[in-house]
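Letters A, B, ... are given to chains in the order of the sequence lines, protein chains preceding strands, and every chain is numbered from 1.
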Amino acid sequence: MKSAPTKPARPAAATPAAWLLKTEPEVYSIDDLRRDRRTGWDGVRNFQARNFMRDAMKVGDPVLLYHSNAEPPGVVGLGRVSGGPRPDPTAFDPRSDGHDPKSRRGAPTWMMVEVEFVEKFPAIVSLEVLRAERRLAGMPLLARGQRLSVQPVSREHLEVVLGLARAARRA
DNA sequence: GCCAACGTTGGC
DNA sequence: GCCAACGTTGGC
């Protein structure tokens, strides 16, 4: 008798404990997320980043929110995956910067998750501070040439970053 | 504004 | 499938 092997549709990769999401504060800042409480993380147009959102991010996962193209750049707060994945509607919108005519509603190319606000750190944990922290050696964000806007963060690295944020609170 | 690093595109 | 050209990211 033929029986379907009980393998998952996609390999169950080791699930990172957390994620890092880059955003340009002039486009969408931690303050915007605090105001909105939750938002669809739309506009991601990189396949690897999309795959993380589509295949690996789970509701409840913590997310570090990172301001890029900012002065200074750095981690500014904490959020949480609150929904998704689902198609990125901006890909279907001809008026949107993220419009992609190759993405169809029946077969969407671009996916997003929903992210909810948890906290804004009392002070930014700047890229300079992150780089100076030896326990963060190996964090993907700090790798040479790293441009991905959605990145995995290990439990250990998450704890270190949160510790740096708390240290800033005491300072 | 510069430019290194990386992804995508398209000719062949 | 190779690879040059081009576009984007994002720190500095």
Side-chain angles (χ1 to χ4, degrees), chain A residues 10-11 13 16 18-34 36 39-57 61-79 81 84-115 117 120-154 157-158 160-165 167-168 171:
Chain A
R10 295 196 171 84
W19 305 92
L20 181 140
L21 298 178
K22 292 184 188 173
T23 183
E24 300 188 28
E26 297 200 357
V27 177
Y28 194 84
S29 71
I30 183 77
D31 292 325
D32 293 323
L33 180 60
R34 179 167 56 186
D36 296 343
T39 193
W41 205 258
D42 59 28
V44 174
R45 295 293 179 271
N46 171 282
F47 288 103
Q48 197 178 347
R50 177 208 64 187
N51 293 348
F52 282 136
M53 293 199 289
R54 185 189 64 188
D55 304 335
M57 293 175 81
D61 285 353
V63 298
L64 294 173
L65 294 154
Y66 179 91
H67 279 178
S68 62
N69 270 326
E71 186 50 52
V75 178
V76 291
L78 184 66
V81 178
R86 60 175 192 264
D88 179 343
T90 66
F92 308 131
D93 179 0
R95 314 274 266 275
S96 169
D97 283 347
H99 181 231
D100 181 354
K102 294 192 294 297
S103 184
R104 309 284 175 70
R105 289 183 188 278
T109 304
W110 303 112
M111 308 290 285
M112 65 181 192
V113 294
E114 184 185 84
V115 174
F117 177 81
K120 179 183 178 180
F121 297 153
I124 186 171
V125 181
S126 71
L127 182 59
E128 182 182 15
V129 165
L130 296 171
R131 287 198 190 285
E133 173 51 64
R134 299 164 91 145
R135 290 171 296 166
L136 294 179
M139 189 178 184
L141 177 73
L142 307 180
R144 178 181 180 80
Q146 180 56 265
R147 298 183 308 171
L148 261 190
S149 66
V150 178
Q151 304 183 5
V153 176
S154 72
H157 290 162
L158 174 68
V160 172
V161 173
L162 294 177
L164 292 171

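The residue from A:Leu141, A:Val129, A:Leu78, A:Leu136 that alone fulfils the side-chain contact (heavy atoms from CB on, under 4.5 Å) condition with A:Val161 is A:Leu136.
Distance alone, capped at 3.5 Å, places no donor-acceptor pair between the A:Asn51 side chain and the A:Gln48 backbone. No donor-acceptor distance shorter than 3.5 angstrom exists from the side chain of A:Arg134 to the backbone of A:Arg131, with no hydrogens or angles considered.
Between the side chains of A:Arg45 and A:Thr90, at least one donor-acceptor pair of N or O atoms lies under 3.5 Å.
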### Query
Tell me, for nucleotides 5-12 of chain C in 5' to 3' order, what letter each nucleotide earns: B for a base near a protein heavy atom under 4.0 Å, S for only sugar-phosphate near one, - for neither?
--BBBBBS

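Contacts of A:Trp41 classified as ring pair (Phe, Tyr, Trp, His ring centres under 6.0 Å), with partners at least two apart in sequence or in another chain: none.
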